[in-house]
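Excluded from the calculations below are hydrogen atoms, water molecules and symmetry mates; all remaining heavy atoms, backbone and side chain alike, are included. Naming: A, B, ... by sequence-line order, numbering from 1 per chain. Please read all numbers here as calculations on a predicted model, not as lab measurements.
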Amino acid sequence: MSKGLPKRSEDYSLWYNELVKRADLAENSAVRGCMVIKPYGYSIWEKMQAELDRMFKETGHTNAYFPLFIPKSYLSKEASHVEGFAKECAVVTHYRLKNSEDGKGVVVDPDAKLEEELIVRPTSETVIWSTYKNWIQSYRDLPLLVNQWANVVRWEMRTRLFLRTTEFLWQEGHTAHASKEEAIAETVQMMNVYAQFAEEFMALPVVKGVKSENERFAGAEDTYCIEALMQDGKALQAGTSHFLGQNFAKAFDVKFATKEGGLDHVWGTSWGVSTRLMGALIMAHSDDNGLVLPPKLAPIQVVIVPIYKGEEELQKISEKAHDIMKQLRRVGITVKFDDRDTHKPGWKFAEYELKGVPLRIAMGPRDLENNTVELARRDTLTKSTLSLEGISITDYILDLLDEIQATIYSKALNFRTEMTSEANSWEEFQEILESKGGFIAAHWDGTTETEEKIKELTKATIRCIPIDAKEEEGACILTGKPSNKRVLFARAY
RNA sequence: CGGGGUGUAGCGUAGCCCGGUAUCGCGCCACAUUUGGGAUGUGGAGGUCGUAGGUUCGAAUCCUGCCACCCCGACCA
């Protein structure tokens, strides 16, 4: 293994790919486009899941599980939904294999053809709404607030670890409501939950917004989203929340008796975040030394590395390390004491930097003598000596972890602020896109034609119409037609 | 799915043009000396050369199919 990681400045995507592999997050599998999420990477995902799951439950949702397979006919019930997903569905046509004639392997048994072919879910709206039809009769059954943690398959042309894989893990919330207003409120609420999660836990500042018609989910009336900016100046959609109107209710005939005695179709929402968040986390904070993880999602928050000569010294250091470890664990900090004698301290330092452990404590004979430890922060790569004389190490480290979390966030926020520009002419727009990248707030005439033309000319797309966009008279950067607010453009993942 | 590139030990590679049984580094194993930023020495193990076929006395090397990965496009969370 060569030591250094590729530099971000030299080859950003190579840096990303190498980092994912070297930090033991994931690797490619035998199946094209599918990845193996390795234990260390999966631990981070589990932390994300745990927090999101808690937030979903706090907002009244419960988990359920719907099947992986969907009858092919279901997909076509909602017109724009088919159009959006048909091109990337894996299809199950047979249910049995048999030994091949030449005895060398197995072949699909032609006699085992399915009457109706099944698709592997690219998303679950169709199965779920066909089920909801049976669950909902009256306004008393509403709202129905369900989430599921699942894997889905979308047969993508080009894949990248975490950012776009053929199979990915996600959560999909599917809710049904008695009124349009309530459904919209739910959609907005979940966007806010995602934004809060991104900012508080991933230390990732996001822009909340609404998608243009062009970028909207297949089958939705409106798609709300959170958009983040990566270090190479490209945007990444980190989560989406859809107001489905009555589209799926109509497609699957889900009606309810209203309080007033009428019969009406229910109003739906769906919302999801996926293992793509892992990609966002990596690309937003990490550096040329490796991963930088915010303490709130780090599988190991603190690592203790002993520095010693001989068994006796290790004994003494271990004793103290175990004592510190016990104290830290008592207040909920995840600590690892790496007393392996198979690697030298310097090797371990580099290793934990690669893996993004937020805080490293080194303890050697000098520290024992002086009652100190050496602290090294991953986010700033700074080292300091901490005297343990008369302080509470748990308080100190809890505070420090909070500070690291805050520092990582503000660094990302500063970067985004710097990388967000306004463009007031077509020339300026192109110039910023080429020289700097990042988000560009610009006026747009609101038409799909203009949006597509801009995409064709510059590869930049409308990431969102920010929720907090100010009313402001202006002229579309491409057509010069009137516009009343700026939208956010960027080249995106 | 189109265009380009790559595939040789766990990882990174040389060899391929010009065919003769595979080079080097890291890692791994053993022992010794080491341990406050990826230790050093000595000895050792490890290879269906992506895969299937073809040409040839002989293929990592030439030809064909397939698979995977990377880059650039079209598509997308």
Side-chain angles (χ1 to χ4, degrees), chain A residues 1-6 11-14 16-18 21-22 27-35 83-89 104-105 122-123 152-172 194 211 214-218 223 225-228 235-242 270-280 289-290 305-311 313-314 317 339-354 360-370 372-374 376 381 383 385 455-456 459 461 463 492-493:
Chain A
M1 180 168 75
S2 63
K3 284 174 186 171
L5 211 52
D11 190 337
Y12 193 82
S13 58
L14 184 64
Y16 174 82
N17 292 336
E18 282 294 307
K21 286 181 211 157
R22 298 249 201 111
E27 62 189 36
N28 285 301
S29 71
V31 182
R32 181 196 191 100
C34 294
M35 65 177 165
E83 203 182 316
F85 287 107
K87 294 185 292 290
E88 49 190 38
C89 285
K104 283 185 182 163
T123 178
V152 287
V153 167
R154 296 181 188 174
W155 216 264
E156 300 291 349
M157 300 291 172
R158 224 172 121 185
T159 59
R160 289 191 73 188
L161 293 169
F162 291 119
L163 296 175
R164 178 167 300 107
T165 46
T166 299
E167 178 191 17
F168 57 95
L169 305 184
W170 77 346
Q171 83 23 244
E172 45 180 327
Y194 288 154
K211 287 290 184 187
N214 209 27
E215 300 270 332
R216 194 179 288 161
F217 175 74
T223 289
C225 62
I226 54 170
E227 292 284 327
L236 184 104
Q237 178 175 302
T240 49
S241 182
H242 315 289
S270 67
W271 28 274
V273 293
S274 70
T275 36
R276 183 177 234 206
L277 288 180
M278 293 284 295
N289 294 312
V305 177
I307 295 155
Y308 60 95
K309 284 188 188 133
E311 204 43 44
E313 225 169 65
L314 176 62
I317 294 167
D339 60 352
R340 288 178 295 174
D341 62 358
T342 51
H343 296 281
K344 295 185 54 167
W347 189 93
K348 292 176 186 174
F349 293 173
E351 178 71 4
Y352 291 110
E353 274 163 22
L354 178 63
R360 182 179 74 232
I361 299 178
M363 280 172 55
R366 284 208 301 272
D367 295 303
L368 277 189
E369 211 169 290
N370 304 329
T372 56
V373 292
E374 183 191 75
L381 291 169
K383 289 197 280 200
T385 302
K455 182 179 177 183
E456 189 189 314
K459 291 177 199 150
T461 49
R463 298 324 302 152
Y493 276 100

Report task. Using modelled atom types only, decide if a donor and an acceptor are shared between the side chain of A:Arg276 and the backbone of A:Gln237 within a distance under 3.5 Å. Result -> yes
**Report entry** Rounded C1' spacing from B:C62 to B:C17 in Å
**Finding:** 11 Å
Query raised in the report: Quick one: does A:Glu353 reach the base of B:G37 with a side-chain donor-acceptor pair under 3.5 Å?
Result: yes
Query - Structure string for RNA chain B in dot-bracket form, Watson-Crick and G-U at under 3.5 Å, | interchain - result: ((((((((.[[[..)....(...]]].((((((.....)))))).....[[[[[..)....]]]]])))))))....
Query raised in the report: Taking the C1' atom of each, how far is B:A45 from B:G27, in whole Å?
Result: 13 Å
Requested in this report: Measure distances between side-chain N and O atoms of A:Lys309 and base N and O atoms of B:G36, and say whether any donor-acceptor pair falls under 3.5 Å.
Outcome: no
Query raised in the report: To the nearest angstrom, how far is A:Asp341 atom CG from B:A39 atom C1'?
Result: 14 Å
Report task. Tell me what A:Phe168 touches on the nucleic acid: a base, only sugar-phosphate, or nothing, going by heavy atoms under 4.0 Å. Result -> base
Requested in this report: Determine the interatomic distance between P on B:C70 and the same-named atom on B:U13; round to the nearest Å.
Outcome: 14 Å
Requested in this report: Answer yes when A:Glu313 and A:Lys309 have at least one side-chain N-carboxylate O distance shorter than 4.0 Å, and no when they do not.
Outcome: no
Requested in this report: For B:C67 and B:G25, measure between their P atoms and round to the nearest Å.
Outcome: 37 Å
Query raised in the report: Do the numbers put A:Arg360 on top of the ring of A:Phe349, so that NZ or CZ is under 6.0 Å from the six-membered ring centre and no more than 45° off the axis?
Result: yes
Query raised in the report: For the side chain of A:Arg276, counting heavy atoms from C-beta on, which of B:G38, B:G36, B:A77 is nearest?
Result: B:A77
List, with names and distances, any nitrogen or oxygen atoms from the protein found under 3.5 Å away from nitrogen or oxygen atoms belonging to nucleotides 43-48 of chain B.
none

Query raised in the report: With the sugar-phosphate defined as primed atoms, P, OP1 and OP2, and the base as all remaining atoms, what B/S/- string results for nucleotides 69-75 of chain B, 5' to 3', for protein heavy atoms under 4.0 Å?
Result: SSSBBBB
Report task. Using the C1' atom as the reference point in each nucleotide, state the distance between B:C29 and B:G46 in Å, no decimals. Result -> 10 Å
Query raised in the report: What's the CG-C1' distance between A:Asn289 and B:G38, to the nearest Å?
Result: 12 Å
